[in-house]
Visitor: 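Let me begin by handing over the structure; questions about it come next.
Remember, it's 1-based here, ligands and their atoms both numbered in the order they're listed. All values below were derived from every heavy atom in this structure, side-chain atoms included, with hydrogens, water molecules and symmetry-related copies excluded.
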Amino acid sequence: MSEPQKEQAPKVAKAQKLTGVKGMNDILPPDSARWEWLEAQVRGLMARYAYRNVRLPIVEPTALFVRGLGEVTDIVEKEMYSFEDRLNGEQLTLRPEGTAGLVRAVVEHNLLYEGGKRLYYMGPMFRHERPQRGRYRQFHQIGAEVLGFGGAEVDAELILLANDLWKVLGLKDVRLELNSLGQPAERQAHRAALIAHLEKHSDVLDEEAKRRLHSNPLRILDTKNPAMQSVVESAPRLLDFLGEASLAHFNAVKAILDANGVAYSINPRLVRGMDYYNLTVFEFITTSLGSQGTICGGGRYDYLIEQVGGKPSPAVGWALGVERVLELIKEQGDALLDIAPDVYAIVPEAASLPVAMQVLQALRAQGVSAQMHAGSGDSMGSMKSQFKKADGSGARFALVFGAEELAQGQVAVKSLRDGQGAQRTESLATVPTWAHSLQSTL
Ligand code: ATP
Ligand code: MG
């Protein structure tokens, strides 16, 4: 039999480097630690408010967003990633927001059958926007939604929940703006007055506003065009068109916020970007992030469930932008979260690996975070280079599995952070008794 031939690597031209899609970011260490921390804070807080988690598909039928968000909205007109399923021709869209899909799922699975529900979600959303600080094409939202209850107390509860979240995250400089969009009939009366006002100032309306003047004039109030701010500011206020019931609802929300010490200001121009809202709408805004200062927005959407084909039920919710919240946390000078392991295992000879890895498993079982030195395949590397890696890992201790110590059933524990390199030995037979002394107190 001939010697097996050593396989030759096929010769290929150097592949061109591929890069990610513009506006879609990789979230890498050490930044990802912030994300995990934020998500953990959110989970804890949602549990304290008895909100339950849902995880929904990222792709939905395009019709859901067109019908749910409204045809004459920024998202539906220009921001959706839509495509045709090549196999069956279905029209699909990468979700640009979470509420429509959540309502679709609630209707599809009859979740309101047993009464109202308090739900939350976290995940990526997709909008084709011009990428800039705080504005990406794949971004992430955390949303809280209460379905099946029409009372002002759930509007207020959602605002208290968001407000608590800012406290838990240590955010300062976040203010709350509030408005009421009333009911469809009240909006109808306001609409005529609004169109008349905008027509009077048609010289300053941009193309988009002119196009929306008769299809969706309320949308014009949401414009970001600075040239149109004064005409928007002098527009008739929807608040002045509200009937008794709508005003009572608005006042009830405010009374609960007042009683709980939540400060807010009324912004009569606040309309939000989707058509599904009615009654209470709100945004949490910071001045620390430049023009992308809205970190969270929401409101009541009592007519969306029936628009998606469900039995009419009231609902209210909000969504926050994770990237903007994290940016604000950074802006306010958080200390970078410590993601270093507690110990780094140094193994001078490969023969000691089985014992070393057994000890590491025992330490991890005790809650110690342990990083194993990994060699090049042929050798473990010199002690010097292993210590260098140990230092670089940020670990507080090095465990040195030297042959001499191992022969006596021991391992050396060396402090890496006190500058003196204090060293002691511990018994391999009694890991649980000394494991905790290695754990970080952070
Ligand atoms: P904006 O007016 O800034 O475009 P929006 O009204 O379109 O925001 P919503 O649809 O209300 O935003 O989404 C809720 C939150 O999600 C926003 O307040 C913001 O924090 C975040 N968000 C929205 N779009 C983006 C994006 N393209 N990139 C990053 N975060 C975003
Ligand atoms: Mg937008």
Visitor: Just by distance, with hydrogens left out, do Tyr301 and Gln307 show a side-chain donor and acceptor under 3.5 Å apart?
Guide: no
Visitor: Quick one about Asp258 and Tyr264 (side-chain donor to acceptor, distance below 3.5 Å, no hydrogens or angles considered), yes or no?
Guide: yes
Visitor: For atom CE of Met372, is the number of surrounding heavy atoms from other residues, nucleotides or ligands below 6.0 Å larger than 12?
Guide: yes
Visitor: List the protein residues in contact with ligand 1, where contact means a heavy-atom separation under 4.0 angstrom.
Guide: Arg127, Glu129, Gly134, Arg135, Tyr136, Phe139, Gln141, Lys224, Arg272, Met274, Thr294, Ile295, Cys296, Ala319, Gly321, Arg324
Visitor: Taking atom CD of Glu71 as the centre, report whether more than 12 heavy atoms of other residues, nucleotides or ligands fall under 6.0 Å from it.
Guide: no
Visitor: Taking the six-membered ring of Tyr51, is the NZ or CZ of Lys117 close enough (under 6.0 Å from the centre) and on axis enough (within 45°)?
Guide: no
Visitor: Atom NZ of residue position Lys210 - does it have more than 12 heavy atoms of other residues, nucleotides or ligands inside 6.0 Å?
Guide: yes
